[in-house]
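This report refers to the structure that appears directly beneath it.
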Amino acid sequence: MGAPSHDRTPEGVPDAAPGPVPDPVELASPAAPLPVEEEGPPTAGPLAHLVAALVVVALGVATVVASWGLGAGSAQEPDAGTWPLVLGVLVTVLGVLLVVGARRTHDAEAFTRHSTGVLLGVGTMVAFALLVGRIGFEIPGVLLCLVWMRVLGREGWRTSVVASLAVVAAFYAIFVGALSVPVPHLF
Amino acid sequence: MDSLAPVLDGFAVVAEPQNLLYCLVGVVVGMLIGVLPGLGPAATIAVLLPLTIGLEPVTAIIMLAGIFYGAQYGGTITSVLLRLPGEASSVVTVFDGYAMARQGRAGTALGIAAVGSFVGGTISIVALSFLAPVVASVALDFGPPEYTALAMLGILLVATVSGGGKVKALVAACVGLLLATVGRDGFTGAERFTFDSLSLADGLDFVPIAMGLFGLGEILHTLEQRHRGVQAPPKLKKVWPGREDLRASRGAIGRGSVVGFVLGLLPGGGAVLASMAAYALEKRRSKTPERFGKGAVEGVAGPETANNAAATSSFIPLLTLGIPANATMAVIFGALLIQGVTPGPRLVAEDPELFWGVVNSMYLGNVLLLVMSIPMVGIFVRVLRVRGTLLAPITVMVTLIGVYTVRNSVFDIGLVVAFGVLGYLMKKAGFEPGPLVLAFVLGSLLESNLRRSLLLFDGDPTGFFTRPISGVLLVAFLVVVLLPVLTAARRRLRPSDDRSGRPDVKEHV
């Protein structure tokens, strides 16, 4: 949030961006590509598509195996594994289609050096999840905000420290003080 | 007069002070968060879901509906001022809205968008008030085969009209259906895919999935793009359209209302498709189509009217059939289930206060949207100046603490992080999270009705075609599946047929 998104929005349409105005007839097609920013993230290569497709195939095959163990049943007497089995087969078939079309696919983004920031961001969230039940949300919350503001956001030290403390104090006042939500807290 | 009684009771529900207050809160919060590029209506509602847990069901849904159309308008503001759509249905507003802003007419563009949103929304609500009870009464005759066919068609249409590749969208939908199978099987009691975890025995909760995929996934993805910087929004002069602009937009607003209402009803339709179709329609009808993209006020009025009309009418399939038409409705569907309300044909008859309270709150919400949008534009511009580096950790904290408050579960915090990572990876790999979430909420309905139907038909799947409604729906399903395959095959055989390579608007609208 906050910084502009130049990517696909949750409902699946790429954000508009500078550039020539597209033809409305193309726009009317939900499948038609909207203009993509020139400076957008680089497109992933065929290998990345192949890996993604193989992950889908693996998921499908694993589902088929696990569903079989649950009891495949039949159309007359569906069992616990019948429906997941159908889905597993479907995922496998769709995965194979993705493998076949991997060389012609261009809708994925490559990982760049900026992706390492995402790893650090996820790390702070995992640490928060591991610590919150043991020592409450205050210290993990301050640390999370500090990393996001100072390291990932490149804010100054003073802004980062003051804003992190203020954010956690505000959360404390709202969730613990005003709403009495039983969120784990230290104080 | 008796038939009017529940409608009037609905107005009494809306007039209750806490409902008025939460409607206002919803609209304002929706507008404010909608202004922030990155989080669309589905993500906004998903992140704020925990706020509704302690509320009465009708109050909660009134607030969420307010957030929905508030965020819809909020997205327009960044489209016009920064050329960055806050959400997908504001994408086309960029073309003429930003051009108007560059000509010093940003205020006019925002004013027309507010007026269009109000008119489109209001016309759609009136139509919804008349149509929804009729659809619900027809749907009362639906049995397991009809629900099976309807859910299948809904998921397929959402998957096929969402962005990105169709195969990838179908994979996402299948994964959503698979996630819905986690937990105890409702028929046999067997545990499925729980990995002996007690926390998974009751199945996956909708809230961490929606908050993770839409909220955290979006934030992580935006984090990667942040180095590109933000431009400062232009100064606003006049925030109300003149008589000339209103006259020029009249037709576009009228047509946008109709286009939006109709497309909002369709599974897979909704605000995104409606805004695009309305833009295409306006440019086609215009005697001076060359003005479009250079600041034509109709290019803002049409799509902005249509997306609000569609946002409202997409409540019809949700409230009357229990089938969400798009990803945002899927999140609201989840919110209803959390409140113990099962949307469907019986809702109108069995819980008229909730049904009419929610529907009638939209009249008020639309008025609030119009009234608040003009004076608050200055605040929105100031919000846009707040740095994302400060806002992002706040949103992360809201998500992590918010998801805990729903079930007081640390496990859910881990789950929301996991789905956040999945959402990020899906976006990187070109998979849309929308079909996954929609399929997840419809998963148990689809499986249980499919199994009941198979028992009913003694395992013979042709039984679906012997019943008129399920038969028609399944034929439609097959047409949606087979038509692109046949069209592609025909093009391959006769390449000269493909003169322009452009899809025809009529094929999709």
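The chains referred to below are lettered A, B, ... by the order of the sequence lines, with proteins before strands, and numbering in each begins at 1.
Among A:Ser74, A:Gly60, A:Pro140, A:Ala108, the residue making the largest number of heavy-atom pairs under 4.5 Å with chain B is A:Ala108. Note on B:Val410, B:Val417, B:Ile401, B:Asp96: by heavy-atom pairs under 4.5 Å with chain A, the leading option is B:Ile401. When A:Pro184, A:Gly117, A:Gly69 are compared by the number of non-hydrogen pairs under 4.5 Å with chain B, A:Pro184 comes out ahead. Between chain B and the residues A:Leu97, A:Val122, A:Val86, the largest count of heavy-atom pairs under 4.5 Å involves A:Val122. For the options A:Cys145, A:Ala52, A:Pro84, heavy-atom pairs under 4.5 Å to chain B are most numerous at A:Pro84. With chain A as the partner, the residue from B:Thr399, B:Val437, B:Val396 showing the most heavy-atom pairs under 4.5 Å is B:Val396. When each of B:Val175, B:Asp458, B:Leu213 is scored by its heavy-atom pairs under 4.5 Å with chain A, the top score falls to B:Asp458. In terms of non-hydrogen atom pairs under 4.5 Å with chain B, the most contact-rich of A:Ala170, A:Ala66, A:Ser115, A:Gly141 is A:Ser115.
The part of B:Tyr404 that comes within reach of chain A is its side chain, from C-beta onward, which places non-hydrogen atoms under 4.5 angstrom from that chain. For A:His106, no part lies near chain B; criterion is any non-hydrogen pair under 4.5 Å. With a 4.5 Å cut-off on non-hydrogen atoms, A:Val118 touches chain B through its backbone and its side chain both. Residue contact with chain B, scored on non-hydrogen atoms closer than 4.5 Å, involves the side chain of A:Thr159 exclusively. In this structure, chain A has no heavy atom under 4.5 Å from any part of B:Phe411. In this structure, no portion of B:Glu282 lies under 4.5 Å from any heavy atom of chain A. Contact of A:Leu59 with chain B is made through the side chain alone, with heavy-atom distances under 4.5 Å. In this structure, chain A has heavy atoms under 4.5 Å from both the backbone and the side chain of B:Thr405. The parts of A:Val183 that come within reach of chain B are both its backbone and its side chain, each placing non-hydrogen atoms under 4.5 angstrom from that chain. For A:Ala110, the part lying near chain B is the backbone, with the side chain staying farther off; criterion is any non-hydrogen pair under 4.5 Å. For B:Tyr424, the part lying under 4.5 angstrom from a heavy atom of chain A is the side chain only.
Contact between B:Leu390 and A:Ala163 at its shortest, heavy atoms only, is CD2-CB, 4.3 Å. Nearest heavy-atom pair, B:Leu455 versus A:Pro78, reported as atom, atom and distance to 0.1 Å: CD2-CD, 4.0 Å. When all heavy atoms of A:Val91 and B:Cys174 are compared, the closest pair comes out as CG2-CB, 3.5 Å. The two residues A:Ala129 and B:Ile413 have their closest heavy-atom pair at CB-CG2, 3.7 Å. When all heavy atoms are compared, the tightest approach of B:Pro393 to A:Leu144 is O-CD2, 4.3 Å.
Distance check, rounded to the nearest 0.5 Å: CG of A:Asp79 to CZ of B:Phe187 gives 11.5 Å. Note that the CD atom of A:Glu109 and the NE2 atom of B:His221 stand 3.5 Å from one another [nearest 0.5 Å]. Atoms CG and CH2, on B:Asp185 and A:Trp83 in that order, are 13.0 Å from each other to the nearest 0.5 Å. Note that CG of A:Leu94 and NZ of B:Lys168 are 12.5 Å apart. Values are rounded to the nearest 0.5 Å. Here the CD-OG1 distance, from A:Glu155 to B:Thr389, works out to 3.5 Å after rounding to the nearest 0.5 Å. With rounding to the nearest 0.5 Å, the separation of CG in B:Leu178 from OG in A:Ser67 is 7.0 Å.
The closest donor-acceptor contact from the side chain of B:Arg192 to the backbone of A:Ala80 lies under 3.5 Å.
Taking the side chain as every heavy atom from C-beta outward, B:Ile219 and A:Trp148 approach each other to under 4.5 Å. Using a 4.5 Å heavy-atom threshold, the side chains of B:Phe193 and A:Leu70 count as touching. Side-chain contact between A:Thr82 and B:Arg451: absent, with no pair of heavy atoms (C-beta onward) separated by less than 4.5 Å.
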A:Gln76/B:Asp460 under side-chain contact (heavy atoms from CB on, under 4.5 Å): CA gap, chis, key distance, verdict: CA-CA 8 Å; A:Gln76 285 87 352; B:Asp460 180 10; over 6 Å; no
Worked check of side-chain contact (heavy atoms from CB on, under 4.5 Å) between A:Glu77 and B:Leu454: CA-CA 8 Å; A:Glu77 286 179 55; B:Leu454 286 173; over 6 Å; no
